[in-house]
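Accompanying notes for the structure given below.
Each chain gets a letter, A, B and so on, in the order its sequence line appears, and its residues count up from 1. Source: prediction; values computed, not measured.
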Amino acid sequence: MSELSKNYDAKLYEDNIGQKWEASGFFNPDNLPDTTGRYVNVLPPPNANGEMHLGHASGYAVMDLLGRYHRMKGEKTLLLPGKDHAGIQSQVVYEKKIRKERGITRHDLGREKFYQEIFDFCLDRANYMRAQEKEFGVSADWSREKFTMDPDLIKIVLETFVKMYNEVDADGNRMIYRGERIINWCSRCATALSDVEVEHEEQAAKLYTFKYSPDFPLTISTSRPETKLGDTAVAVNPKDKRYQKYIGQEFKVDFVGVPLTIKIIADHEVDMDFGTGALGVTPAHSAVDWEMAQKNNLPIVKVIDESGKICAGFGEFSGLKVVEARTAVIEALRTRGLIEKEEDYPNNLSVCERCKTPIEPLVSKQWFVNVDHANFSLKKKARQAIENNEINFYPERFKDVMLSWIDNVRDWCISRQIWWGPRIPVWYRGDESTASIDSPGDGWIQDEDTFDTWFSSGQWAYTTLGYPAGQDFKDFYPSDTMIMGRDILPFWAFRMIILSLYRTGQVPFKNLYFTGLIRDEKGQKISKSKGNGIEPKDIVDKFGTDAVRLSLLIGNTPGNDLNLGEQKIAGFRNFTNKLWNIARFIQGITNKDNGISNDGQNIPYSLLVTPSTLADQWIISRLNQVIFEVTQAIESYQFSLAGEKLRDFTWNELADWYLEIAKIEGDKTEILNYILNTILKLWHPFMPFVTEQIWSEMYGGEKMLMVERWPICHPFDKLRAGSESSAGSVTDNFSVIQSIVTAIRSLRADNKIEPVKKLSVIISAGKQAELLEENRDIIETLARLESLAIAPKAEKPASAVSAVVGSSEVFVDLAGVIDLAKEKIRLQTEIDELNKYIVGLNAKLANAEFVQNAPTAVVEKERAKLAEAQEKIKKLGDSI
RNA sequence: GGACAAUUAGCUCAGUUGGUUAGAGCGUCGCAUUCACAUUGCGAAGGUCGCAGGUUCGAAUCCUGCAUUGUCCACCA
């Protein structure tokens, strides 16, 4: 056994430990010996275009905790890692890169070359990120790592498309169809976007109220005058008396030089109180208007093209950019005196989630998934599975969020006009078209569009396992847990559920856990532009991986955001050092007793059959309880609670009390090793590096903590039960000793007695006399006493201060130092507070309804409290 | 406009079927430095649990309303 250094320096050990783990092969479930049951988590694939950030780290901390826990439970454990090609995002990132570094655009490279470069770029980033994940201690099976652009994964994704395309209902409707629909268009990315890829930003706009032409009878309001070039109707509320007479009429108008045909239609969606109560309908550039056009068979006139300019055929406005056209149209209206009102009007601007360019809703030919198809309704099946509790949600409220998403989901636009990503497997020859993975033959041209990224990542749960015939799919699907940021519920969780149900007939995972976002210590969103970023690699360098992992786990609850500052991480760095020093202390004792070798695996036999001290019994009993509570907390996904219980035990009970007592009582090599051995196992999933390092130095040899068995509760309490005194339980008795020590320390501090001065204490102990006598050494040493007199009944010396602990009275003789007046005030304050407490208790117990309705146990408890308080107040009164 | 969350000590947060005088960490204040650890130890101060009602013998906890903050969705042109 080598000697542990004075402080734990994470940097000295982490690399080595990581390599040892990987070399062991135990990250691969096939190499785990003697497994029973299985545990699977197909890890969410981060986007392979950047680096690991704190959000990833937060997820990994939870995933790896569960993985290591289940592996230690002896289950065949698979954490399957991977990376996502992240279509639009990677393309945006790479386009910026080549523009900055080489001053070129993707068009300079051409589709094929651009694709190849971005592929290489993503592989490079994937390698970098994988190294970061390994450094973070993620115990994933890297031999099974997948990438969404791997040919075998793409093949399954394309098969899904073909299968859905060929899914035709009785009316001939396909589950995947191509249609002219209004979609969100980003003119910078030059692609369609799904609804969830659009963000809304508040902006100051103007609302213009005007007439199309002087002879048109209605005035309308808009914040987008340029789109009015494409109006084909004016909608009014059918109940609106002002306009009823016009409904059904058609007007030919000259709108700033452009001829329009405007039909007056009725729609109850129209708000009579907004603006003039009449709404200009622009089917080609507004989702709501488009729906009205469908209902009323209105013609659709496209005004804005894919480059964000006004289409041909609109006279002087053609070719202008949207913003220019707006000014021009307003100017023309003004010249003609048609504007009635112009007011400031804040509204929401839709922007591209990736590049923040304003979105133009426009009509375009795109591929859609029918989410409510007659053959297989994706939304209904998903709703059914969730209502049947086939998936547990953590936190539970996200189940309702998911259900409301399902209810409101619209057909999903899956085509993107970008170059990076798998291409839509549809082929055209003249008027013919067909869906197939490979080209049907000569003369067929493939669709130019690529898939929405989420169409491939939505199938991640089974493509990674080699669906449908792969052994992994048979062994590991569906997985046990899925953990993701709460922000991607609609993007990813929902789509994984519907696509998995469609392809495999099963839900993709049984438990769905959402992490919150990580914010800075002030609660602000972390972003590079704000410069408040906390880079995982910086804080890992500074505090160690274990400290970072703990700070992401403890004080964090599912679905809630976490504010993280360096102070918190430093606190956990201190804790890793504490654990290290606990081990160092125990190592010192073990070395002193050389000859006694103990691997700490089991409760020392001697402890079970021979008398041991109260402290021994207490710590083993507490440890037993902690094993139970921590196991339960992890099983119920309460990782923060589990960590807190362990920390409290380790620091406040083991280090602060038991180790100090071990110094006094001596002869504890076996029991200390058993305790250390056990808490190393319990801590391992939370802080794998420091625990593995201690383990290897003290118990390991060739054996690794990572694959040790998770501790189980020993029936210790039962074994000892026969020999327990009737004076009370082990924990109660020990807490009497603790309270006596604390009371004396407190009296010392209150009276400003220097720690070096040894005190004389008399305890009037009543029936606790024997208990105190047995633990006399502990009290004397921990409270730093010169003399201690314990008697069933003792008088308070005139020059003493006192405290009441249970049925004992503690008198600390302070001859010469005591300020009697001050002591009297202190006691009186305590009596006053106790009096208030007693009044409350009395009132409660005098309440007949309370006594009658409350459970007997509760009433008894209150009575006991009252009796105790009364006894205490009597003793305090005597002391004055 | 709709939904969801949060609101508990100076700060960050626990508090799971309603039942101890509401807890922790950090910070603050006082004291302590050979003896595992100053990345430490000991002690202390600090809260009418956002506000107002209600249910109940009993509410931080359940219900209603309101306020503030945040997130998501929808979007009125």
Side-chain angles (χ1 to χ4, degrees), chain A residues 4 6-8 195-196 200 207 220-224 227-228 234-235 269-271 273-276 278-282 286-289 345 347-348 350 395 397-398 400-401 404-405 408 486-487 489-490 516-517 521-523 543 547 554-557 559-565 567-568 570-589 636 638 640-641 644 647-648 652 655-656 659-660 663 742 745-750 752-756 782 784 833-834 836-837 840-841 844 847-855 857-859 861-862 864-865 869:
Chain A
L4 298 181
K6 191 171 173 185
N7 290 106
Y8 176 66
D195 291 342
V196 288
H200 303 279
L207 185 68
I220 61 166
S221 299
T222 186
S223 58
R224 301 281 315 267
T227 65
K228 300 288 109 181
V234 165
E269 294 274 315
V270 178
D271 181 351
D273 299 325
F274 186 89
T276 61
L279 157 68
V281 180
T282 319
S286 154
V288 175
D289 295 5
Y345 175 71
N347 76 343
N348 281 324
S350 302
R397 64 187 146 85
F398 278 65
D400 289 332
V401 176
S404 80
W405 254 100
N408 295 317
R486 58 140 229 261
D487 50 325
L489 179 147
L517 306 178
E521 58 224 303
K522 290 178 204 129
F543 301 110
I554 296 180
N556 194 359
T557 44
N560 289 334
D561 293 352
L562 177 74
N563 296 356
L564 185 65
Q567 277 191 333
K568 180 175 176 184
F572 286 112
R573 186 269 322 268
N574 295 355
F575 179 73
T576 59
N577 189 58
K578 189 76 186 180
L579 185 66
W580 181 259
N581 271 287
I582 288 170
R584 189 162 173 251
F585 171 74
I586 292 173
Q587 186 187 47
I589 287 182
S636 56
Q638 295 174 283
S640 179
L641 184 66
E644 279 177 76
R647 181 187 54 188
D648 290 347
N652 302 336
D656 289 348
L659 294 190
E660 292 309 314
K663 292 175 190 168
T742 305
R745 283 170 174 171
S746 180
L747 287 174
R748 178 196 287 276
D750 282 352
K752 309 246 183 276
I753 315 296
E754 308 145 44
V756 284
L782 295 187
R784 302 182 68 89
E833 275 174 21
L834 210 49
K836 277 188 239 161
Y837 177 49
L841 282 173
K844 206 171 190 181
N847 184 340
E849 286 183 288
F850 169 70
V851 179
Q852 200 183 328
N853 293 327
V858 174
V859 179
K861 222 169 170 182
E862 298 297 303
K865 281 192 281 184

Next on the checklist: With rounding to the closest Å, how many angstrom separate the P atoms on U56(B) and G2(B)?
Outcome noted: 31 Å

Checklist entry - What do the steps show when you test V858(A) against F850(A) for side chain to side chain contact (heavy atoms under 4.5 Å, CB included), and what is the final call? => result CA-CA 10 Å; V858(A) 174; F850(A) 169 70; 4.1 Å; yes

Checklist entry - C57(B) P sits how many Å from Q852(A) CD, rounded? => result 10 Å

Identify each atom pair where a protein N or O and an N or O of nucleotides 69-71 of chain B are less than 3.5 Å apart, giving names and distance.
| from | atom 1 | to | atom 2 | distance (Å) |
| --- | --- | --- | --- | --- |
| U71(B) | O2' | R486(A) | NH2 | 3.4 |

Item to check | Nearest heavy-atom neighbours spanning G555(A) and L562(A) | outcome: O-CD1, 3.2 Å

Next on the checklist: Categorize S404(A) for me: base, sugar-phosphate, or nothing, with a 4.0 angstrom heavy-atom threshold over every strand shown.
Outcome noted: nothing

Next on the checklist: When the P atoms of G70(B) and G41(B) are compared, how many Å lie between them, rounded to an integer?
Outcome noted: 39 Å

Checklist entry - To the nearest Å, how far apart are R784(A) CZ and G41(B) P? => result 16 Å

Item to check | Donor-acceptor contact below 3.5 Å, side chain S286(A) vs main chain D289(A) | outcome: yes

Checklist entry - Any idea which heavy atoms bring V270(A) and A235(A) closest together, and the distance? => result CG2-CB, 3.8 Å

Checklist entry - Looking only at atom C1', what distance separates U8(B) and A38(B), rounded to whole Å? => result 32 Å

Checklist entry - When we call it a touch if two heavy atoms are under 4.0 Å apart, what does T742(A) touch: a base, just sugar-phosphate, or nothing? => result sugar-phosphate

Checklist outcome for this item: R745(A) atom CZ is separated from C31(B) atom P, nearest whole Å, by 18 Å

Item to check | P spacing across the pair G23(B) / G47(B), given as an integer number of angstrom | outcome: 14 Å

Item to check | Donor-acceptor under 3.5 Å (R647(A) side chain, F575(A) main chain) | outcome: no

Checklist entry - Is the backbone N or O of A547(A) less than 3.5 Å from a side-chain atom of R573(A), with the two atoms forming a donor-acceptor pair by type? => result no

Item to check | Nucleotide of C37(B), G19(B), G30(B) approaching K752(A) most closely (side-chain heavy atoms) | outcome: G30(B)

Checklist entry - Where the side chain of P855(A) is defined as all heavy atoms beyond and including C-beta, which of G19(B), C57(B), U21(B) is the nearest nucleotide? => result G19(B)

Checklist entry - For atom P, what is the distance between G50(B) and G43(B), given to the nearest Å? => result 31 Å

Could you write out each protein N or O paired with an N or O of nucleotides 23-25 of chain B at a distance under 3.5 Å?
| from | atom 1 | to | atom 2 | distance (Å) |
| --- | --- | --- | --- | --- |
| A24(B) | O2' | R647(A) | NH2 | 3.2 |

Item to check | Proximal nucleotide (of C4(B), C37(B), U21(B)) relative to the R397(A) side chain | outcome: C4(B)

Next on the checklist: Please give the distance between the C1' atoms of G58(B) and U20(B) as a whole number of Å.
Outcome noted: 14 Å

Checklist entry - Checking all strands, does N853(A) fall into the base, sugar-phosphate, or nothing category for heavy-atom contacts under 4.0 angstrom? => result base

Next on the checklist: Mind checking if T282(A) touches a base, just sugar-phosphate, or nothing, with heavy atoms under 4.0 Å?
Outcome noted: nothing

Item to check | Pair of N/O donor and acceptor under 3.5 Å linking C37(B) base with K578(A) side chain | outcome: yes

Next on the checklist: Measuring from the side chain of S746(A) (C-beta onward, heavy atoms only), which nucleotide among C76(B), C37(B), G43(B) has the closest atom?
Outcome noted: G43(B)

Checklist entry - Should K865(A) and E862(A) count as an ion pair when the cut-off is N to O under 4.0 Å? => result yes

Next on the checklist: Looking at C13(B), I'd like to know if its phosphate oxygens (OP1 or OP2) sit under 4.0 Å from a side-chain N or O belonging to N560(A).
Outcome noted: no

Checklist entry - Rounded to the nearest 0.5 Å, how far apart are CD1 of I586(A) and CG of N581(A)? => result 11.0 Å

Checklist entry - Reckon N847(A) touches a base, only the sugar-phosphate, or nothing at all at heavy-atom distances under 4.0 Å? => result sugar-phosphate

Item to check | Phosphate contact (C11(B) OP1 or OP2) by K568(A) side-chain N/O below 4.0 Å | outcome: no

Item to check | Check: S640(A) main-chain N/O paired with N556(A) side-chain donor or acceptor under 3.5 Å | outcome: no

Item to check | Rounded distance in Å - CD1 (I554(A)) to C1' (A14(B)) | outcome: 12 Å

Checklist entry - A38(B) base to K6(A) side chain: any donor-acceptor pair below 3.5 Å? => result no

Checklist outcome for this item: Whole-Å distance, D289(A) CG to C75(B) P, equals 12 Å

Checklist entry - Looking across every strand, which nucleic acid part, if any, lies under 4.0 Å from L564(A) by heavy atom: base, sugar-phosphate, or nothing? => result nothing

Item to check | Rounded distance in Å - CD1 (I582(A)) to P (C37(B)) | outcome: 13 Å

Checklist entry - Under 4.0 angstrom, heavy atoms only, what part of the nucleic acid is V858(A) near: base, sugar-phosphate, or nothing? => result base

Checklist entry - What nucleic acid atoms does D487(A) come within less than 4.0 Å of, heavy atoms only: base, sugar-phosphate, or nothing? => result nothing

Next on the checklist: So V288(A), base contact, sugar-phosphate only, or nothing? Heavy-atom distance under 4.0 Å.
Outcome noted: sugar-phosphate

Checklist entry - Looking only at heavy atoms, which two atoms of L659(A) and A655(A) are closest? And how far apart? => result CB-O, 3.7 Å

Item to check | Whole-Å distance separating the CZ atom of F585(A) from the C1' atom of G41(B) | outcome: 14 Å

Next on the checklist: Measure CZ/F398(A) against P/A6(B) and give the value in whole Å, please.
Outcome noted: 10 Å

Checklist entry - What nucleic acid atoms does E754(A) come within less than 4.0 Å of, heavy atoms only: base, sugar-phosphate, or nothing? => result nothing

Checklist entry - R224(A) and T282(A): side chain to side chain contact (heavy atoms under 4.5 Å, CB included), yes or no, with the steps? => result CA-CA 10 Å; R224(A) 301 281 315 267; T282(A) 319; over 6 Å; no

Item to check | side chain to side chain contact (heavy atoms under 4.5 Å, CB included) between R784(A) and R745(A), intermediate numbers included | outcome: CA-CA 9 Å; R784(A) 302 182 68 89; R745(A) 283 170 174 171; over 6 Å; no

Item to check | Out of A5(B), G19(B), C42(B), whichever nucleotide has its closest atom nearest the side chain of F850(A) | outcome: G19(B)

Next on the checklist: Work out how far the P atom of U64(B) is from that of U21(B), and round it to whole angstrom.
Outcome noted: 29 Å

Checklist entry - Is T557(A) near enough to C13(B) that one of its side-chain N or O atoms lies under 4.0 angstrom from OP1 or OP2? => result no

Checklist entry - For A655(A), which contact category applies under a 4.0 Å heavy-atom criterion: base, sugar-phosphate, or nothing? => result base

Checklist entry - How far does CG of L782(A) sit from OG1 of T742(A), to the nearest 0.5 angstrom? => result 9.5 Å

Checklist entry - Taking the C1' atom of each, how far is G46(B) from C11(B), in whole Å? => result 13 Å

Next on the checklist: Expected output check: what is the dot-bracket annotation of RNA chain B, where ( ) and [ ] are pairs inside the strand (brackets for crossing ones), | is paired with another strand, and pairs are Watson-Crick or G-U under 3.5 Å?
Outcome noted: (((((((..((((.....[...)))).(((((.......))))).....(((((..]....))))))))))))....

Checklist entry - If each of S640(A) and R573(A) is mapped to the nucleotide of RNA chain B with the nearest heavy atom, which maps nearer the 5' terminus, i.e. the 5' end? => result S640(A)

Item to check | Worked check of side chain to side chain contact (heavy atoms under 4.5 Å, CB included) between Y837(A) and L841(A) | outcome: CA-CA 6 Å; Y837(A) 177 49; L841(A) 282 173; 3.7 Å; yes

Checklist entry - Got a donor-acceptor contact below 3.5 angstrom from the D561(A) side chain to the G516(A) backbone? => result no

